[in-house]
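Written out below as structure tokens is the structure these notes cover.
Order of listing sets the numbers, starting from 1, for every ligand and every atom in it.
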Amino acid sequence: MKLHEALQERTLIGDGAMGTLLYSYGIDLCFEELNLSHSKEVLNVHKAYVHAGADVIQTNTYGANYVKLARYGLEDQVKEINTAAIKLAKEAAQNQSYVVGTVGGIRGIQKQTTPLEEVKRSFREQLYCMLFEEVDGILFETYFDLEELLTVVEIAKKETNLPIIAQVSMHEPGVLQDGTPLTEALELIEELGADVVGVNCRLGPYHMIQALEEVPLPKKAVLSAYPNASLPDYEDGRLVYPTDPTYFQKSAIQLYEQGARLIGGCCGTTPDHIQAIAESVKGRAPITSKTIPVREQPAAIEVTEKERKPHLHELAHQGRSIIVELDPPKRLKTDRFFQGAKALKDAGVDSVTLADNSLASPRISNTAMATLIHKKYDINPLVHISCRDRNLIGLQSHLMGLHTLGIHEVLAVTGDPTKIGDFPGATSVYDLSSFDLIHYIKQLNKGISFSGKPLGEKTSFSVAAAFNPNVRNLNRAVGRLEKKIKYGADYFISQPVYSEEQILEVYEATKHIESPIYIGVMPLTSSRNAEFLHNEVPGITLSSEIRDRMDLYRDDPALSKDEGIAIAKSLIDAALDLFNGIYLITPFLRYEMTVELTNYIQEKTKERQERKVSNGIHII
Ligand SMILES: Cc1cc2nc3c(=O)[nH]c(=O)nc-3n(C[C@H](O)[C@H](O)[C@H](O)COP(=O)(O)OP(=O)(O)OC[C@H]3O[C@@H](n4cnc5c(N)ncnc54)[C@H](O)[C@@H]3O)c2cc1C
Ligand SMILES: [Zn+2]
């Protein structure tokens, strides 16, 4: 009997974890490579599951795609590894159990690291190996990213008529990480033609049963469940899953009662767990009806926006907007910082922006300083957020904190790597890149956490992204802007530019982009400062004319400053008609310079407006 028919007829038992068992044997290598180098051990795991009563066993190919194998330098061995895996599973199955080719999800919470094109290429290669070796079905498991699973199911349906088993994984019971309810996700997968839809990994039986209680019986497809043995414990540096197979047996009955017709185990489960569930539900006739309990609906997500100042992207859409970077000090003396913030507020800037340990060197927390200037001077601060120093937990917690503090303007950057800063040996976390961070901040704006949990309220972040025009290939930098818009960026803030021609070039290269760009201007403070930027900061080139102008006053700090301001003013003159947003960067807390430039921009803007009005009157 084919797997298709068996699935229609009776409850089937899947196998349990492969990785957990191999790990428990003390083998801590690439599990998929073991199909070649430790084939006996892999064969024994399969045999143990067949012996325990598994009707369906999976090949040891969870990560046998070139993307994951590349981590071990094994990307060229996709074919050998998959072929060996299938042969081993078939040898153990002896035509008594069905052998399904397992394909694991690649993307975790980071979409950016594995673009869909890569997912497709990698999956096709693995699928062709499986079809060539004639498996009984394809099993997709541990897909946290729904988009990725839908993509591979669609490809599989085009390439084969074999049964497709497609399982999502959840961080939170009942919802996927993008907030899609489980029921809706399974319906989407079923619509694409998956024969079995279900859930595996991450959750233990308790939460998996809870999640399935909300899921009606699929219209055509069969429901499956492969829970982990329990929640993991961390002992002596290893993850262990302390459970009693008897508990798993009771849970299997409840999964069956929820309509699951293919029941196995994921991480932490062993042949003992599989034997326990085989004893209780193997071969049972599938249930044919199910009642979904009527539950009190969770509180609706708050939609009314709290009173807030206009967002910076709104201001820059409407007209002139000035924001000024004033970085938190590197030392604990804060007087100058606060004087600067107050002076900038009095000068009328729309926001003070605070870098997040730029150049990977510690400063006083920008959130602390932003909160204080927000409270003290009613400044609308813009907080830079770098992915370098915080993992996913830290980033979400930080953003929820900013929301609670009433700070709604953020700049999402990947961040300068630690290698260039005060602590070259420190870890650069980079759980996310700027693209994914932008995406997840926008998810918070929908009231959904990074892991898909409803937050009960929507944040209202306006998300800026970084634009670095100081690169050899400006078009590539513009390409990154377009991609950041796709991920949800509302507007851009640029690195400082240092020539009028460059301002024009940037304008020409970006004029098709509707999102506002705040163009960066940082006044030079001295000839040494100019030489440093020109010679040592990657990407920044100052014209010889500018360097000569600064050099003329190299022995006179006051005149150097004046010349720096004069140069910045000419850059501003060049920028004013091309960009609404101007981003001034305060060098070394010398806020007098950025206050003067703010006044200058305001005067020039007023003059331009008056000229427009009088031109208008003249025309009339
Ligand atoms: C306005 C502004 C504020 C900033 N504030 C901070 C801050 O507070 N803290 C901090 O640590 N850093 C800050 N940075 C620095 C920033 O992190 C780096 O300049 C970064 O390389 C570009 O921005 P991103 O982090 O969004 O990088 P992304 O665009 O996400 O790029 C990430 C990686 O790609 C590389 N890359 C970027 N552009 C290109 C390109 N055109 N071609 C090829 N490779 C490219 C980068 O080198 C980087 O390794 C800021 C930059 C700007 C423009
Ligand atoms: Zn698992």
Closer than 2.8 Å to the Zn ion (ligand 2) - protein N, O or S atoms, ordered by chain and residue number: Cys201 SG, Cys266 SG, Cys267 SG

Write 'none' if nothing qualifies; otherwise put on separate lines each N/O atom of ligand 1 with a protein N/O atom under 3.5 Å away and their distance to 0.1 Å.
from     : atom 1 : to     : atom 2 : distance (Å)
ligand 1 : 5 (N)  : His384 : ND1    : 3.0
ligand 1 : 8 (O)  : Asp356 : N      : 2.7
ligand 1 : 8 (O)  : His384 : ND1    : 3.1
ligand 1 : 9 (N)  : Asp356 : O      : 3.0
ligand 1 : 11 (O) : Arg388 : NH1    : 2.8
ligand 1 : 11 (O) : Asp416 : N      : 3.0
ligand 1 : 12 (N) : Asp416 : OD2    : 3.2
ligand 1 : 17 (O) : Gly415 : N      : 3.2
ligand 1 : 19 (O) : Gln495 : NE2    : 3.3
ligand 1 : 25 (O) : Thr414 : N      : 2.7
ligand 1 : 25 (O) : Gly415 : N      : 3.1
ligand 1 : 26 (O) : Lys484 : NZ     : 3.0
ligand 1 : 29 (O) : Arg480 : NE     : 3.2
ligand 1 : 29 (O) : Arg480 : NH2    : 3.3
ligand 1 : 29 (O) : Lys484 : NZ     : 2.8
ligand 1 : 30 (O) : Thr414 : OG1    : 2.6
ligand 1 : 30 (O) : Ser434 : OG     : 2.5
ligand 1 : 31 (O) : Arg480 : NH2    : 2.6
ligand 1 : 34 (O) : Arg480 : NH2    : 3.0
ligand 1 : 38 (N) : Arg480 : NE     : 3.3

Applying side chain to side chain donor-acceptor pair (under 3.5 Å), name anything that partners Arg336, two or more places apart in sequence or on another chain. Glu592

Minimum heavy-atom distance between Ile209 and Gln254, given as atom pair plus value: CD1-CB, 3.7 Å

Pairs involving residues 464-498, ordered by first then second residue, that meet ring pair (Phe, Tyr, Trp, His ring centres under 6.0 Å) (sequence neighbours left out): Phe435-Tyr487, Tyr491-Tyr518

Please check this pair: side chain of His207 against backbone of Pro173, looking for a donor-acceptor N/O pair closer than 3.5 Å. no

Show the numbers, then the answer: is there a side chain to side chain donor-acceptor pair (under 3.5 Å) between Thr586 and Thr594? CA-CA 6 Å; Thr586 311; Thr594 39; 3.0 Å; yes

Using 30° and 60° as the class limits, which term best fits the ring planes of His311 and His313: parallel, tilted or perpendicular? parallel

Does Asp145 pair with Lys111 as a salt bridge, N-O distance under 4.0 Å? yes

Check this for me, if you would: do Asp28 and Arg238 make a salt bridge, where the nitrogen-to-carboxylate-oxygen distance has to be below 4.0 angstrom? no

NZ/NE/NH1/NH2 to OD/OE distance under 4.0 Å, Asp490 and Lys442: yes

